[in-house]
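Computed over heavy atoms, backbone and side chain alike; hydrogens, waters and symmetry mates excluded.
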Amino acid sequence: MKVLLPTMRDPGQIGGTSTHLDMLSAGLVELGHEPYVLYFGEQVPEPLRRFGVVYTAGALNRVRRGWGMIYSAMVRGKLVARFADRELRQHDWQVVNAQEVYSIPALREAADRAGVPLVLTLHGYPLYESVSEGYTNRSRLGRRYLMRSEIRALRLADAIVTVDGRLYRHVLRLVPERADVTYSLMNFIDTSAFSPTVEGRQELRRKWDIAEDKIVLFCPRRLVKKNGVIYPSLALAEMKPPEREKYLLLHAGEGGERGAIEQIVREQGLEAQVRLLGGLGREEIEELYRLCDIVLVPSVHSEKVEEATSLSALEAMASGRPLIAGAVGGLAEMVSDGVNGLLFPGANASALAQAIERLAADVNLRRRLATNARDYVVANHSHLKAASDYVEVYSRARQRLRESLERAETSDELLAASRDSAGSEGEEEAGWPSVSILGFAAHRVTLEEAAEWVLECADESQWERTRLALSLNPELLVRAQEDERIASAVAGADLRFPDGVGAVWASRMQGVEKVDRVPGIELAERILEGAAEDGLSVFFLGAAPGVAADAAARMKQRYAGLDVAGSRHGYFGEEEQDSVVEEVRRSGADILLVALGAPRQELFLHRHRGELGVPVALGVGGSFDVWAGRVRRAPEAFRRLSLEWAYRLVTQPARLRRQLALPRFAYRVLMAADDFGPGRGERLTPAHERRREQGDSDRGVHGGPRRGSNRGSAKDFPGSGRPSGGPPRD
């Protein structure tokens with residue numbers, strides 16, 4: 001299999017992602033596959049990279065902390081996708097495996113053009129880690145950008161691989177509808193490169209100018225908050241002066257916490273016990289593992305960030321060195337306290353000091369822990385085993401893509417499947433996949449699918465209360481944000497379809513690229529056509545006096561056989577609502593069209609849905625005025641260009657005040673925090689809760705990659721996601 005591995009990183013860049021790519025590539029090659037790691041830094045000349053990305057990002061960060069990070073992520077993501085697209089056009093790659101969420105939207109387009117699946121490996125928490133490292137603390141826009149980048153990537157990828165169980169559960173919390181294509185594969189290393197050899201240890205100590213009597217503590221971690229790198233120095237400070245002189249602490253890594261460590265060293269007089277070596281290459285890291293006595297991999301909770309399966313810990317364990325690790329995240333999953341390492345509470349310097357002194361005093365314990373650690377890593381974190389698991393994920397993604405393309409060839413089969421999933425469920429929702437817009441779920445349906453659902457509901461002989469179809473537009477959603485009554489009416493509708501370019505644009509901002517616009521007037525006309533064919537009766541309620549009757553008469557002429565159960569204007573007060581409801585009930589209509597304008601029509605239907613005596617109803621806004629000839633609809637050219645709103649604004653200047661909701665809507669979508677998961681009323685179902693609570697036992701660490709679930713219907717997984725056709729069944 002030919003696997004393209006694009007990354008926004010530079011070749012040789014220090015960090016877990018680079019190590020992951022090196023090890024995965026080596027494993028794939030040994031298994032007979034053809035991987036190619038496409039590094040951003042190899043594609044862009046150094047001067048252009050510095051002036052076009054690095055220096056510009058630095059300047060933006062000085063204007064507002066976080067802006068530079070956003071700029072760099074956007075530029076690198078788009079460029080690496082462009083380079084990947086070029087590769088896909090020139091060579092026959094079979095899978096694209098991305099490493100960063102920021103490149104996914106553009107890579108999605110490239111992968112679709114090439115007809116290959118797109119897999120995302122999630123190495124951490126993009127938003128939380130950026131906040132933890134201080135990139136977005138002062139930029140609300142930056143936080144929203146990161147949030148949206150993560151959710152879009154999780155929805156656009158064909159498969160998601162997480163490197164530990166906590167990231168796996170993190171994905172299920174955000175996008176439970178992607179459970180079928182989410183896998184947990186613990187991190188891995190080349191166990192032959194990191195081995196428990198001690199040959200040349202004395203020579204290495206002399207090379208690094210380390211006295212023979214020193215107990216060397218090695219901390220191979222980036223100097224960032226989540227890595228808890230201040231605690232080794234604080235642990236030395238907890239010891240009595242004669243005791244601390246036994247040790248030499250070596251830090252390998254760079255980051256924002258360097259200043260904090262240097263301050264601790266100065267204040268505690270630890271200059272002779274602590275060395276900050278900066279970022280080092282792989283060969284130097286391997287040398288330090290060989291010469292050290294104890295490896296420290298501290299970790300703490302920082303801005304909701306939890307440690308993944310630390311590559312540093314795996315390297316230490318594979319190198320046969322006793323390990324002391326923070327009992328946080330993935331470290332607590334892989335280290336069994338007292339068996340293959342020691343754990344200490346992450347933010348507890350005293351506990352770390354006690355663990356260091358315990359190991360230093362007990363040579364046999366160090367040997368036993370080191371031996372068990374090596375055996376554990378070889379059995380569970382070998383790069384060959386991981387590469388084999390990745391190949392299985394790639395194969396499943398390719399199979400799903402083939403099945404999806406085969407189904408797409410027969411549109412009738414797709415429509416039939418859609419109708420099956422949209423069958424009546426009493427008070428249940430229609431069961432369509434959805435996308436969150438300002439916290440409300442918009443169902444992803446075509447005009448034909450929505451019309452079929454309404455007609456099927458209307459043809460039922462039994463129902464408990466009226467089913468409601470509602471068109472989501474920016475004005476209504478903004479009002480729903482400010483009025484709980486409107487919010488309840490919107491959330492309570494059974495079918496909520498995106499009407500207007502604003503709702504479609506907002507859907508795409510959430511990572512759902514293929515969303516059909518369902519204009520309310522066109523949906524209503526299709527329903528009337530179907531009602532005439534099926535012998536269903538329709539009641540027209542709304543608009544000015546005489547308009548509903550005229551609209552009904554004209555539609556009766558257009559659609560031969562249309563049964564009009566009745567009509568009534570919408571100029572009635574609060575005290576008349578009961579009589580209006582009774583009139584509708586007495587009509588015996590199968591379908592109720594309500595043209596009271598938003599949000600009045602939604603409030604009316606929500607309030608009286610249990611009394612109307614109609615199987616199904618929907619709001620149609622100003623449709624009656626168009627049908628009755630009072631208002632002219634925008635010409636086809638405007639509709640084709642999605643500029644119908646502009647035509648209405650020019651021809652009806654009184655709508656200006658209503659149109660002011662558009663910029664407010666756009667701003668709220670861009671800044672929304674609610675759209676980080678399924679829509680309101682469609683959070684985790686009991687099935688998803690059980691999946692999340694099962695945790696580690698479901699992750700398949702020892703038995704190959706594990707899917708989140710075998711169920712793939714829209715009813716089981718509400719929310720949005722790029723259709724993948726479901727996973728192959730085992």
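Residues L280 and L288 have side chains in contact (heavy-atom distance under 4.5 Å, counting atoms from C-beta outward). Counting only heavy atoms from C-beta outward, the side chains of L122 and V161 never approach each other to under 4.5 Å. Two residues are said to be in side-chain contact when any heavy atoms from C-beta on lie closer than 4.5 Å; V300 and Y231 meet this criterion. Side-chain contact between V181 and R400 is present, with heavy atoms from C-beta onward closer than 4.5 Å. No side-chain heavy atom of T121 sits under 4.5 Å from any side-chain heavy atom of T17. Contact of the H20 side chain with the F188 side chain is registered, since non-hydrogen atoms from C-beta on lie closer than 4.5 Å. With contacts defined as side-chain heavy-atom distances shorter than 4.5 Å, the pair H381/M186 qualifies. The side-chain heavy atoms of V163 and L185, taken from C-beta on, include no pair separated by under 4.5 Å.
Residues passing the ring-ring contact (aromatic ring centres under 6.0 Å, His included) test with F218 are Y289, sequence neighbours excluded. Considering only residues two or more places apart in sequence or on other chains, Y394 meets the side chain to side chain donor-acceptor pair (under 3.5 Å) condition with N97. Every side chain to side chain donor-acceptor pair (under 3.5 Å) that R113 has, sequence neighbours left out, goes to D85. Residues satisfying the side-chain contact (heavy atoms from CB on, under 4.5 Å) test with A332, not counting sequence neighbours, are none. With sequence neighbours left out, D190 forms a side chain to side chain donor-acceptor pair (under 3.5 Å) with S192. Residues passing the salt bridge (charged side-chain N to carboxylate O under 4.0 Å, His left out) test with E283: none are found, sequence neighbours excluded. With sequence neighbours excluded, no residue satisfies salt bridge (charged side-chain N to carboxylate O under 4.0 Å, His left out) with K2. Every side chain to side chain donor-acceptor pair (under 3.5 Å) that E286 has, sequence neighbours left out, goes to R282. In this view, R82 satisfies the salt bridge (charged side-chain N to carboxylate O under 4.0 Å, His left out) rule with no residue, not counting sequence neighbours. In terms of the side-chain contact (heavy atoms from CB on, under 4.5 Å) criterion, residue partners of Q90 (sequence neighbours excluded) are, by chain and number, R86. For E87, there are no salt bridge (charged side-chain N to carboxylate O under 4.0 Å, His left out) partners, not counting sequence neighbours.
With hydrogens and angles disregarded, a donor-acceptor distance shorter than 3.5 Å links the side chain of S312 to the backbone of P220. Of the possible polar contacts, none joining the N227 side chain to the L223 backbone as a donor-acceptor pair under 3.5 Å is found. Side-chain atoms of S395 come within 3.5 Å of backbone atoms of V391 as a donor-acceptor pair (strictly under, hydrogens ignored). Judged purely by atom type and a 3.5 angstrom limit, R398 has no side-chain atom pairing as donor or acceptor with the backbone of P117. Checking side-chain atoms of R221 against main-chain N and O of G253 turns up no donor-acceptor pair under 3.5 Å. Of the possible polar contacts, one joining the T182 side chain to the R178 backbone as a donor-acceptor pair under 3.5 Å is found. At least one donor-acceptor pair under 3.5 Å links the side chain of R321 to the backbone N or O of R290.
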Determine whether L156 and L118 satisfy the following criterion, side-chain contact (heavy atoms from CB on, under 4.5 Å), listing intermediate values before the conclusion. CA-CA 8 Å; L156 290 175; L118 173 61; 5.7 Å; no
Step-by-step side-chain contact (heavy atoms from CB on, under 4.5 Å) determination, Y183 to E392: CA-CA 11 Å; Y183 309 85; E392 184 177 349; over 6 Å; no
With side-chain contact (heavy atoms from CB on, under 4.5 Å) as the criterion, how do L401 and D158 come out once you've worked through the C-alpha distance, each side chain's angles and the decisive distance to 0.1 Å? CA-CA 8 Å; L401 180 60; D158 291 305; 5.6 Å; no
Evaluate I437 against F665 for side-chain contact (heavy atoms from CB on, under 4.5 Å), listing each step before the verdict. CA-CA 10 Å; I437 304 177; F665 172 78; 4.0 Å; yes
Give the C-alpha distance, both sets of side-chain angles, the deciding distance and a yes or no for side-chain hydrogen bond (donor to acceptor under 3.5 Å, both in side chains) between Q399 and R402. CA-CA 5 Å; Q399 177 64 24; R402 284 194 294 268; 2.7 Å; yes
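Between atom CG of residue L277 and atom CH2 of residue W208 there is a gap of 5.5 Å, rounded to the nearest 0.5 Å. Once rounded to the nearest 0.5 Å, the distance linking CG of L204 with SG of C292 reads 11.0 Å. Residue C219 holds its SG atom at 10.0 Å from CG of L250, rounded to the nearest 0.5 Å. Considering OG1 of T191 and CE of M317, their distance stands at 13.0 Å, rounded to 0.5 Å. The CE atom of M23 sits 11.5 Å away from the CG atom of L314 when rounded to the nearest 0.5 Å. Distance CD1/I104 to CD/E150: 12.0 Å, rounded to 0.5 Å.
Across all non-hydrogen atoms, the minimal contact from G77 to V80 is O-CG1, 3.3 Å. Closest approach of R374 to A318, counting heavy atoms only: NH1-O, 2.9 Å. Residues L5 and Q99 share a closest heavy-atom pair of CD2-NE2, 3.9 Å. Taking both residues in full, the closest heavy atoms of A73 and M8 are given as O-CE, 3.7 Å, listed atom of the first, atom of the second, then distance. In plain terms, the two heavy atoms of P196 and G320 that are nearest each other are CB-CA, 3.7 Å. Shortest non-hydrogen contact noted between Y71 and G52 is OH-O, 2.5 Å.
The pair D180-R396 fails the salt-bridge criterion, with no side-chain N (NZ, NE, NH1 or NH2) lying under 4.0 Å from an Asp/Glu carboxylate O. For R9 and E100, the salt-bridge test fails: no basic side-chain N is under 4.0 Å from an acidic carboxylate O.
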Could you go through residues 26-41 and list every donor-acceptor pair under 3.5 Å that involves a side-chain atom there, pairing it with any protein atom two or more places apart or in another chain?
| residue | atom | partner | partner atom | Å |
| --- | --- | --- | --- | --- |
| E30 | OE2 | H383 | NE2 | 2.9 |
| H33 | ND1 | M1 | N | 3.0 |

